[in-house]
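Beneath this line is the structure, given in structure tokens, with notes to follow.
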Amino acid sequence: MLNITITKTSAPKEKPNPEVLGFGKFFSDHMFVSEYTSGKWVNPRIVPFAPFLIHPASTVLHYGAEVFEGLKAYRTKDGGIQLFRPQENAKRMNVSCERMCLPTVPEADFMQILTEFVRLEQDWVPSLPGTSLYLRPYLFGNDEFLGVHPVDSAVFMLIGSPVGAYYAGGLSPVRIMVECDDVRAVKGGTGYTKCGGNYAASLRAGKRAIGEKCAQVLWLDGVNRKYIEEVGAMNVMFKIAGEVVTPELSGSILPGITRSSCIELLRASGIKVTERPVSFDEIIAAHGAGTLEEAFGTGTAAVISPIGEFFHLGKSYTVNGRQIGKTTQELYDMLTGLQWGRELDKFGWTYKI
Ligand SMILES: *Cc1c(COP(=O)(O)O)cnc(C)c1O
């Protein structure tokens, strides 16, 4: 057990109006911090949320040694609070750390930090339907040295941000641009990690997508520019002739916890799911044959994001008349039912605080 010291704020902030939370704009009263030095994590503490000093030569500022996680604390109808598969976030963060030569955090410590933080910030978990307290653990290299090297010093932090219902007016299918120039990741690179650098490299295509009146980018593989990888910062699934297909985890794709939960939920409800390479040509062919039934992204922030249209080399391919599909809606209802505790959790995925 860690001995986490807690210094409470003397100036608690007023809670924002839950109707207008949006995503990542408001922060709770405290933050967790611990430093890694001489081979161990030291001084684990929860302190008032505030900016902090950083050395101008800190590794993270120059060489991008940073990984993060994202999960939510949900208010259940009995007034309790629960997390969704948080141990998976602990494991995945350590996989990311290993790739980036950053020190890992023992899973039990990660869970204790989450639990103590959410207990302290419990009043920050909103209760309006669809809202939650988004939790952002992050870890960065912090040597005070410009040499390129695996770090000796790092910082692990956790902040919380009350977030709104992603879809204020119900799930509405979005238009997606198929990106043919930039790639998000390649095999052997950092695509399977949740590192800040992946996001930095994705922004240019995202900006182009907005210019094409598209909400997000559909990423293709870096070698053949042929096989589908992800949609924006979400995993992607297609329903073709009754079967759900999704790109297999090839090394360049982020192993989403929502993705794996969707696969299990779909299979439990009798739908065939196949993880395999999926080319965009196959999507065009299915569209032409009338068998492209549904398409959607999966991720913690939006849960499920239905896709209404693909835009590729000047041509548009609509999906299900730009309406949300039946399976997409059912999956959204099942997942959010478990996350907010409306449905009985047969899977053991929820974690009560
Ligand atoms: C976080 C993330 C996802 C979704 O992962 P979840 O665990 O479902 O939230 C998908 N793709 C990328 C690139 C991500 O960073």
Side-chain angles (χ1 to χ4, degrees), residues 23-24 64 66-74 83-97 99-100 110 114 132-139 161 163 166 174 176 179 182-187 189-206 209 215-222 227-238 244 246-266 273 275 278 295-307 328 331-332 334-336 338-339 347 349-351:
F23 183 82
E66 190 264 358
V67 303
F68 65 94
E69 274 301 325
L71 69 164
K72 287 170 169 175
Y74 305 88
L83 309 179
F84 186 72
R85 310 186 75 180
Q87 298 91 339
E88 298 300 315
N89 295 95
K91 290 195 183 90
R92 188 171 65 187
M93 190 176 83
N94 286 337
V95 170
S96 299
C97 286
R99 177 64 181 83
M100 308 298 273
F110 186 98
L114 279 183
S132 57
L133 181 66
Y134 182 79
L135 301 168
R136 167 53 61 87
Y138 57 112
L139 193 157
S161 172
V163 297
Y166 213 86
V174 292
I176 298 296
E179 173 61 39
D182 290 358
V183 297
R184 195 189 77 87
V186 292
K187 284 187 186 50
T190 57
Y192 67 93
T193 73
K194 226 168 160 69
C195 73
N198 288 343
Y199 279 69
S202 76
L203 297 176
R204 184 170 73 172
Q216 284 295 350
V217 167
L218 188 78
W219 296 106
L220 301 179
D221 78 278
Y227 297 102
I228 295 164
E229 302 232 301
E230 299 200 43
V231 58
M234 303 181 95
N235 297 114
V236 65
M237 301 193 178
F238 303 88
V244 172
T246 190
E248 63 188 341
L249 299 178
S250 57
S252 52
I253 293 171
L254 198 284
I257 297 161
T258 319
R259 174 189 181 278
S260 75
S261 306
C262 285
I263 292 172
E264 281 197 54
L265 282 169
L266 287 165
V273 185
E275 300 173 69
V278 184
F296 54 92
T298 71
T300 296
V303 193
I304 301 287
S305 179
I307 297 171
T328 309
L331 204 45
Y332 179 81
M334 284 193 282
L335 257 181
T336 54
L338 289 170
Q339 289 169 337
F347 299 88
W349 285 343
T350 50
Y351 182 92

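Read the numbers this way: they start at 1 and go in the same order the structure lists the ligands and their atoms. Positions are given from 1 along the sequence.
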Using 0.5 Å steps for rounding, measure from the CG atom of Leu265 to the OH atom of Tyr332.
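Answer rounded to 0.5 Å: 14.5 Å.
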Does this structure show an ion pair linking Glu179 with Arg204, if we count only N-O contacts that are shorter than 4.0 Å?
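Result for this pair is no, no salt bridge flagged.
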Presence of salt bridge, Arg184 and Glu229, under 4.0 angstrom:
no
Atom 3 (C) of ligand 1 has as its nearest protein heavy atom Ala233 O, 3.4 Å
Atom 15 (O) of ligand 1: nearest protein contact (heavy atom, Å)
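For this ligand atom, the closest protein heavy atom is Tyr199 OH, 2.5 Å.
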Are any non-hydrogen side-chain atoms of [X] and [Y] less than 4.5 angstrom apart?
X	Y	answer
Leu71	Tyr351	no
Arg92	Leu254	yes
Val174	Ser305	yes
Met100	Leu139	no
Tyr199	Lys194	yes

Ligand 1 contacted by [X] (non-hydrogen, < 4.0 Å):
X	result
Gly70	no
Glu88	no
Glu69	no

Of Arg184, Met234, Lys194, the one whose closest heavy atom lies nearest atom 13 (C) of ligand 1 is Arg184
Proximal ligand 1 atoms for [X], defined as those under 4.0 Å from one of its heavy atoms:
X	answer
Asn235	10 (C)
Glu230	10 (C), 11 (N), 12 (C), 13 (C)
Gly256	5 (O), 6 (P), 7 (O), 8 (O)

Just heavy atoms, cut-off under 4.0 Å: does Asn198 contact ligand 1 by side chain, backbone, both, or neither?
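Contact part for Asn198 vs ligand 1: neither.
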Between Thr258 and ligand 1, which residue portion shows a heavy-atom distance shorter than 4.0 Å: side chain, backbone, both, or neither?
both
Please answer whether the main-chain N or O of Thr258 pairs with a side-chain N or O of Asn235 as donor and acceptor at a distance below 3.5 Å.
no
When only distance counts, is Arg92 in polar contact with ligand 1, meaning an N/O pair under 3.5 Å?
yes
With only distance considered, is Thr300 within less than 3.5 Å of ligand 1 through an N or O on each side?
yes
